[in-house]
K.L.:
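Okay, handing you the structure first.
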Amino acid sequence: MKVRSCLRLLAPSVWSVHRSVGSQTRWLHKTRPPPAIPQPRPFVPDVQTFLTLIGRGLNKHASKFPSWESLFSLTSPQLKEVGIEPPRNRRYLLQWMQRYREGAVGPGGDFEFVKDGEAILKVATPPASVVSDAKYVVNVPHGDEGSIESADALPRPNGYTVRGLNAISGPFATPLPEKAGVIVKVTEGMWEHRRGRKIDGGERRRAEVRFKKRSAERRAEREAEALAHM
(Lines give C-alpha, C1' and ligand atoms only; values in the text may rest on other atoms or scores of the structure.)
Protein backbone atom coordinates (compact mmCIF):
# COMPACT_ATOMS: atom_id res chain seq x y z
CA MET A 1 0.00 0.00 0.00
CA LYS A 2 2.80 2.38 0.86
CA VAL A 3 4.42 1.68 -2.54
CA ARG A 4 1.17 2.50 -4.34
CA SER A 5 0.83 5.72 -2.40
CA CYS A 6 4.34 6.74 -3.41
CA LEU A 7 3.57 5.98 -7.06
CA ARG A 8 0.45 8.14 -6.89
CA LEU A 9 2.50 11.00 -5.53
CA LEU A 10 5.15 10.61 -8.23
CA ALA A 11 2.72 10.14 -11.12
CA PRO A 12 1.58 13.80 -11.40
CA SER A 13 5.16 15.05 -11.40
CA VAL A 14 6.22 12.52 -14.06
CA TRP A 15 3.21 13.48 -16.19
CA SER A 16 4.01 17.17 -15.83
CA VAL A 17 7.62 16.55 -16.91
CA HIS A 18 6.39 14.59 -19.93
CA ARG A 19 4.02 17.41 -20.90
CA SER A 20 6.78 19.96 -20.44
CA VAL A 21 9.18 18.07 -22.73
CA GLY A 22 6.45 17.61 -25.31
CA SER A 23 5.54 21.28 -25.31
CA GLN A 24 9.20 22.25 -25.62
CA THR A 25 9.57 19.94 -28.61
CA ARG A 26 6.53 21.50 -30.29
CA TRP A 27 7.87 24.96 -29.52
CA LEU A 28 11.23 24.15 -31.10
CA HIS A 29 9.43 22.83 -34.18
CA LYS A 30 7.45 26.05 -34.51
CA THR A 31 10.52 28.25 -34.07
CA ARG A 32 12.65 26.37 -36.61
CA PRO A 33 13.72 28.86 -39.29
CA PRO A 34 12.06 28.43 -42.69
CA PRO A 35 14.20 27.08 -45.56
CA ALA A 36 16.21 29.65 -47.48
CA ILE A 37 14.82 30.80 -50.82
CA PRO A 38 17.64 30.82 -53.42
CA GLN A 39 17.70 33.20 -56.35
CA PRO A 40 16.76 32.00 -59.85
CA ARG A 41 19.58 31.78 -62.38
CA PRO A 42 19.66 32.81 -66.04
CA PHE A 43 19.46 29.15 -67.10
CA VAL A 44 16.90 28.35 -64.36
CA PRO A 45 14.51 31.34 -64.30
CA ASP A 46 11.33 29.63 -63.07
CA VAL A 47 9.75 26.54 -61.51
CA GLN A 48 8.89 24.94 -64.86
CA THR A 49 12.52 25.05 -66.00
CA PHE A 50 13.87 23.78 -62.68
CA LEU A 51 11.54 20.78 -62.66
CA THR A 52 12.32 20.11 -66.32
CA LEU A 53 16.06 20.08 -65.69
CA ILE A 54 15.98 17.69 -62.73
CA GLY A 55 13.82 15.24 -64.70
CA ARG A 56 11.85 12.20 -63.53
CA GLY A 57 8.70 13.75 -64.97
CA LEU A 58 8.42 16.30 -62.18
CA ASN A 59 7.69 19.14 -64.61
CA LYS A 60 4.10 17.84 -64.86
CA HIS A 61 3.63 19.22 -61.33
CA ALA A 62 4.79 22.75 -62.21
CA SER A 63 1.24 24.16 -62.06
CA LYS A 64 1.02 23.21 -58.37
CA PHE A 65 3.61 25.86 -57.49
CA PRO A 66 2.38 29.38 -58.28
CA SER A 67 5.82 30.94 -57.76
CA TRP A 68 9.50 30.22 -57.23
CA GLU A 69 9.17 31.10 -53.54
CA SER A 70 6.22 28.74 -53.09
CA LEU A 71 8.29 25.77 -54.31
CA PHE A 72 11.39 26.40 -52.23
CA SER A 73 9.45 27.13 -49.06
CA LEU A 74 7.63 23.77 -48.93
CA THR A 75 8.51 20.85 -46.67
CA SER A 76 8.01 17.14 -47.32
CA PRO A 77 4.53 16.96 -45.65
CA GLN A 78 3.45 20.01 -47.65
CA LEU A 79 4.71 18.48 -50.90
CA LYS A 80 2.63 15.43 -50.06
CA GLU A 81 -0.44 17.63 -49.55
CA VAL A 82 -0.09 19.16 -53.02
CA GLY A 83 0.16 15.68 -54.56
CA ILE A 84 3.85 14.96 -55.17
CA GLU A 85 3.86 11.15 -55.19
CA PRO A 86 5.38 8.60 -54.67
CA PRO A 87 7.54 9.43 -51.62
CA ARG A 88 10.78 8.85 -53.56
CA ASN A 89 9.82 11.74 -55.86
CA ARG A 90 9.41 14.03 -52.85
CA ARG A 91 12.79 12.97 -51.49
CA TYR A 92 14.40 13.51 -54.89
CA LEU A 93 12.83 16.96 -55.26
CA LEU A 94 13.88 18.01 -51.75
CA GLN A 95 17.43 16.79 -52.40
CA TRP A 96 17.66 18.87 -55.56
CA MET A 97 16.18 21.91 -53.85
CA GLN A 98 18.90 21.67 -51.20
CA ARG A 99 21.61 21.12 -53.83
CA TYR A 100 20.41 24.21 -55.67
CA ARG A 101 20.53 26.25 -52.45
CA GLU A 102 24.15 25.14 -51.99
CA GLY A 103 25.07 26.02 -55.58
CA ALA A 104 25.59 22.40 -56.65
CA VAL A 105 23.93 22.72 -60.06
CA GLY A 106 24.19 20.75 -63.28
CA PRO A 107 25.27 21.72 -66.82
CA GLY A 108 24.35 25.29 -67.66
CA GLY A 109 23.79 26.34 -64.06
CA ASP A 110 26.64 28.84 -64.30
CA PHE A 111 25.62 30.38 -67.64
CA GLU A 112 25.11 34.13 -67.46
CA PHE A 113 23.83 34.87 -70.97
CA VAL A 114 20.66 32.91 -71.73
CA LYS A 115 17.73 33.75 -73.98
CA ASP A 116 14.57 31.65 -74.23
CA GLY A 117 16.29 28.72 -72.56
CA GLU A 118 19.26 28.77 -74.93
CA ALA A 119 22.90 29.69 -74.34
CA ILE A 120 25.67 30.21 -76.90
CA LEU A 121 29.23 29.09 -76.25
CA LYS A 122 32.27 30.04 -78.32
CA VAL A 123 36.00 29.46 -78.34
CA ALA A 124 38.18 32.28 -77.04
CA THR A 125 41.94 32.75 -77.00
CA PRO A 126 44.02 34.65 -74.43
CA PRO A 127 44.77 38.33 -75.18
CA ALA A 128 48.04 39.26 -76.84
CA SER A 129 49.46 40.37 -73.52
CA VAL A 130 49.29 36.79 -72.25
CA VAL A 131 52.01 34.44 -73.46
CA SER A 132 49.85 31.40 -74.11
CA ASP A 133 48.03 29.75 -76.98
CA ALA A 134 45.58 27.85 -74.79
CA LYS A 135 41.98 28.20 -75.93
CA TYR A 136 38.96 28.09 -73.68
CA VAL A 137 35.16 28.19 -73.86
CA VAL A 138 33.11 31.27 -72.98
CA ASN A 139 29.40 32.01 -72.73
CA VAL A 140 28.63 34.94 -75.03
CA PRO A 141 25.57 37.20 -75.28
CA HIS A 142 23.09 36.47 -78.07
CA GLY A 143 23.77 38.47 -81.21
CA ASP A 144 27.55 38.47 -80.79
CA GLU A 145 28.46 37.34 -84.29
CA GLY A 146 31.85 39.00 -84.63
CA SER A 147 35.15 38.21 -83.05
CA ILE A 148 35.20 37.81 -79.29
CA GLU A 149 36.62 40.85 -77.58
CA SER A 150 37.43 41.28 -73.89
CA ALA A 151 36.98 37.52 -73.43
CA ASP A 152 38.36 37.81 -69.91
CA ALA A 153 35.10 39.49 -68.89
CA LEU A 154 32.96 36.62 -70.25
CA PRO A 155 31.99 33.66 -68.05
CA ARG A 156 33.79 30.36 -68.55
CA PRO A 157 31.21 27.61 -67.91
CA ASN A 158 32.23 24.43 -66.18
CA GLY A 159 32.17 21.15 -68.08
CA TYR A 160 32.89 22.59 -71.54
CA THR A 161 36.30 22.31 -73.20
CA VAL A 162 37.95 22.94 -76.57
CA ARG A 163 38.66 19.88 -78.70
CA GLY A 164 40.98 20.17 -81.67
CA LEU A 165 41.13 23.62 -83.23
CA ASN A 166 37.68 25.07 -82.63
CA ALA A 167 35.37 22.25 -81.57
CA ILE A 168 33.58 22.53 -78.21
CA SER A 169 32.86 19.43 -76.16
CA GLY A 170 30.40 19.31 -73.28
CA PRO A 171 26.95 18.15 -72.11
CA PHE A 172 24.05 18.79 -74.51
CA ALA A 173 26.20 20.98 -76.78
CA THR A 174 24.89 21.24 -80.36
CA PRO A 175 27.30 22.70 -82.96
CA LEU A 176 26.26 25.88 -84.73
CA PRO A 177 26.68 26.27 -88.53
CA GLU A 178 30.13 27.16 -89.89
CA LYS A 179 31.83 26.22 -86.62
CA ALA A 180 30.52 29.38 -84.96
CA GLY A 181 30.34 27.69 -81.58
CA VAL A 182 27.67 25.58 -79.92
CA ILE A 183 24.23 26.11 -78.47
CA VAL A 184 23.00 24.54 -75.23
CA LYS A 185 19.24 24.33 -74.70
CA VAL A 186 17.19 23.53 -71.62
CA THR A 187 16.40 19.83 -72.02
CA GLU A 188 14.27 17.44 -70.00
CA GLY A 189 16.46 15.55 -67.53
CA MET A 190 19.71 17.50 -68.06
CA TRP A 191 20.41 17.34 -64.32
CA GLU A 192 18.64 14.08 -63.59
CA HIS A 193 20.20 11.52 -61.26
CA ARG A 194 19.34 8.19 -62.81
CA ARG A 195 17.78 5.60 -60.57
CA GLY A 196 19.77 2.42 -60.06
CA ARG A 197 18.55 -0.75 -61.75
CA LYS A 198 17.55 -3.57 -59.42
CA ILE A 199 19.47 -6.79 -60.04
CA ASP A 200 18.09 -10.08 -58.69
CA GLY A 201 15.39 -8.33 -56.69
CA GLY A 202 17.42 -5.53 -55.14
CA GLU A 203 19.44 -5.53 -51.93
CA ARG A 204 16.74 -6.96 -49.64
CA ARG A 205 15.91 -10.07 -51.68
CA ARG A 206 19.14 -10.50 -53.65
CA ALA A 207 20.57 -13.37 -51.52
CA GLU A 208 17.25 -15.25 -51.56
CA VAL A 209 16.76 -14.84 -55.32
CA ARG A 210 20.32 -15.91 -56.14
CA PHE A 211 20.05 -18.95 -53.83
CA LYS A 212 16.90 -20.05 -55.64
CA LYS A 213 18.62 -19.55 -59.00
CA ARG A 214 21.60 -21.69 -57.98
CA SER A 215 19.26 -24.38 -56.64
CA ALA A 216 17.33 -24.44 -59.90
CA GLU A 217 20.55 -24.64 -61.92
CA ARG A 218 21.88 -27.57 -59.83
CA ARG A 219 18.55 -29.37 -60.12
CA ALA A 220 18.60 -28.92 -63.89
CA GLU A 221 22.16 -30.27 -64.04
CA ARG A 222 21.22 -33.36 -62.03
CA GLU A 223 18.22 -34.01 -64.25
CA ALA A 224 20.37 -33.62 -67.37
CA GLU A 225 22.94 -36.13 -65.99
CA ALA A 226 20.19 -38.60 -65.11
CA LEU A 227 18.77 -38.41 -68.62
CA ALA A 228 22.23 -38.87 -70.13
CA HIS A 229 22.74 -42.17 -68.21
CA MET A 230 19.38 -43.63 -69.19
Side-chain angles (χ1 to χ4, degrees), residues 25-122 136-144 151-161 168 170-174 181-196:
T25 303
R26 290 192 296 270
W27 177 256
L28 288 173
H29 176 73
K30 291 180 180 179
T31 57
R32 182 179 300 171
I37 308 296
Q39 292 296 319
R41 295 168 177 255
F43 200 62
V44 198
D46 50 40
V47 172
Q48 179 73 47
T49 304
F50 177 74
L51 297 180
T52 297
L53 289 171
I54 65 176
R56 298 196 182 181
L58 287 171
N59 57 353
K60 66 184 178 184
H61 299 293
S63 60
K64 298 175 180 178
F65 309 103
S67 67
W68 180 268
E69 291 73 15
S70 67
L71 170 63
F72 279 89
S73 62
L74 295 182
T75 61
S76 182
Q78 292 170 331
L79 289 174
K80 182 178 181 179
E81 289 179 4
V82 300
I84 306 300
E85 296 288 354
R88 65 172 176 267
N89 281 356
R90 291 198 297 273
R91 290 193 297 269
Y92 179 73
L93 177 55
L94 288 168
Q95 289 168 2
W96 255 115
M97 288 161 63
Q98 185 58 32
R99 285 176 59 87
Y100 188 90
R101 289 187 184 97
E102 297 170 354
V105 294
D110 53 355
F111 293 164
E112 294 184 15
F113 302 108
V114 182
K115 183 179 180 181
D116 298 328
E118 300 178 352
I120 297 176
L121 309 182
K122 291 188 177 183
Y136 51 89
V137 179
V138 293
N139 173 211
V140 301
H142 283 254
D144 184 2
D152 287 343
L154 295 175
R156 303 184 189 185
N158 294 321
Y160 295 89
T161 57
I168 297 177
F172 299 90
T174 302
V182 300
I183 187 170
V184 181
K185 300 180 181 180
V186 170
T187 306
E188 166 73 20
M190 281 183 72
W191 297 0
E192 182 174 349
H193 293 169
R194 304 293 179 182
R195 283 193 290 262

K.L.:
Apply the test side-chain contact (heavy atoms from CB on, under 4.5 Å) to residues Leu154 and Lys122: give CA-CA distance (whole Å), side-chain angles for both, the deciding distance (0.1 Å), then the verdict.
P.N.:
CA-CA 10 Å; Leu154 295 175; Lys122 291 188 177 183; over 6 Å; no
K.L.:
Go through the steps to decide whether Phe43 and Val186 satisfy the test side-chain contact (heavy atoms from CB on, under 4.5 Å), and finish with yes or no.
P.N.:
CA-CA 8 Å; Phe43 200 62; Val186 170; 3.6 Å; yes
K.L.:
If the condition is side-chain contact (heavy atoms from CB on, under 4.5 Å), which residues does Pro77 pass it with, not counting sequence neighbours?
P.N.:
Thr75
K.L.:
Can you name the side chain to side chain donor-acceptor pair (under 3.5 Å) partners of Gln98, sequence neighbours left out?
P.N.:
Arg101, Glu102
K.L.:
To the nearest 0.5 Å, what is the distance between OG1 on Thr49 and CZ on Arg41?
P.N.:
14.0 Å
K.L.:
Check whether Tyr92 reaches the backbone of Gly55 with its side chain - one donor and one acceptor, N or O, closer than 3.5 Å.
P.N.:
no
K.L.:
For the pair Ser67 (side chain) and Ser70 (backbone), establish whether a donor and an acceptor sit closer than 3.5 Å, ignoring hydrogens and angles.
P.N.:
yes
K.L.:
So, for Gly159 and Pro171, which heavy atoms are closest and what is the spacing to 0.1 Å?
P.N.:
O-CD, 3.4 Å
K.L.:
Would you call Glu85-Arg90 a salt bridge at under 4.0 Å N-O?
P.N.:
yes
K.L.:
Which residues pass the side-chain contact (heavy atoms from CB on, under 4.5 Å) test with Asp110, not counting sequence neighbours?
P.N.:
Pro157, Asn158
K.L.:
Side-chain contact test, heavy atoms from C-beta onward, threshold under 4.5 Å: evaluate it for Val105 versus Arg99 and give yes or no.
P.N.:
no
K.L.:
Nearest 0.5 Å, what's the OG1-CD distance between Thr52 and Glu192?
P.N.:
11.5 Å
K.L.:
If the condition is side-chain contact (heavy atoms from CB on, under 4.5 Å), which residues does Leu71 pass it with, not counting sequence neighbours?
P.N.:
Val47, Phe50, Phe65, Leu93, Met97
K.L.:
Excluding sequence neighbours, so at least two apart, what forms side-chain contact (heavy atoms from CB on, under 4.5 Å) with Ile37?
P.N.:
Trp68, Glu69, Phe72, Ser73
K.L.:
Going through the checks in order, is the side-chain contact (heavy atoms from CB on, under 4.5 Å) test met by Arg56 and Ile54?
P.N.:
CA-CA 7 Å; Arg56 298 196 182 181; Ile54 65 176; over 6 Å; no
K.L.:
Atom CG in Asn89, atom CZ in Arg91: separation rounded to 0.5 Å?
P.N.:
9.0 Å
K.L.:
Apply side chain to side chain donor-acceptor pair (under 3.5 Å) to Glu81 and list each qualifying residue two or more places apart in sequence or on a separate chain.
P.N.:
none
K.L.:
Before giving the answer on side-chain contact (heavy atoms from CB on, under 4.5 Å), spell out for Leu53 and Trp96 the whole-Å C-alpha distance, their side-chain angles and the decisive distance to 0.1 Å.
P.N.:
CA-CA 10 Å; Leu53 289 171; Trp96 255 115; over 6 Å; no
K.L.:
Has His142 got a side-chain atom pairing as donor or acceptor with Glu118's backbone, closer than 3.5 angstrom?
P.N.:
yes
K.L.:
For Arg156, does its backbone N or O pair with a side-chain atom of Asn139 as donor and acceptor, under 3.5 Å?
P.N.:
no
K.L.:
Return the minimal non-hydrogen interatomic distance between Ala119 and Phe111, and the atom names on each side.
P.N.:
CB-CD1, 3.3 Å
K.L.:
If you round to the nearest 0.5 Å, how far is CD1 of Ile168 from CD1 of Ile183?
P.N.:
12.0 Å
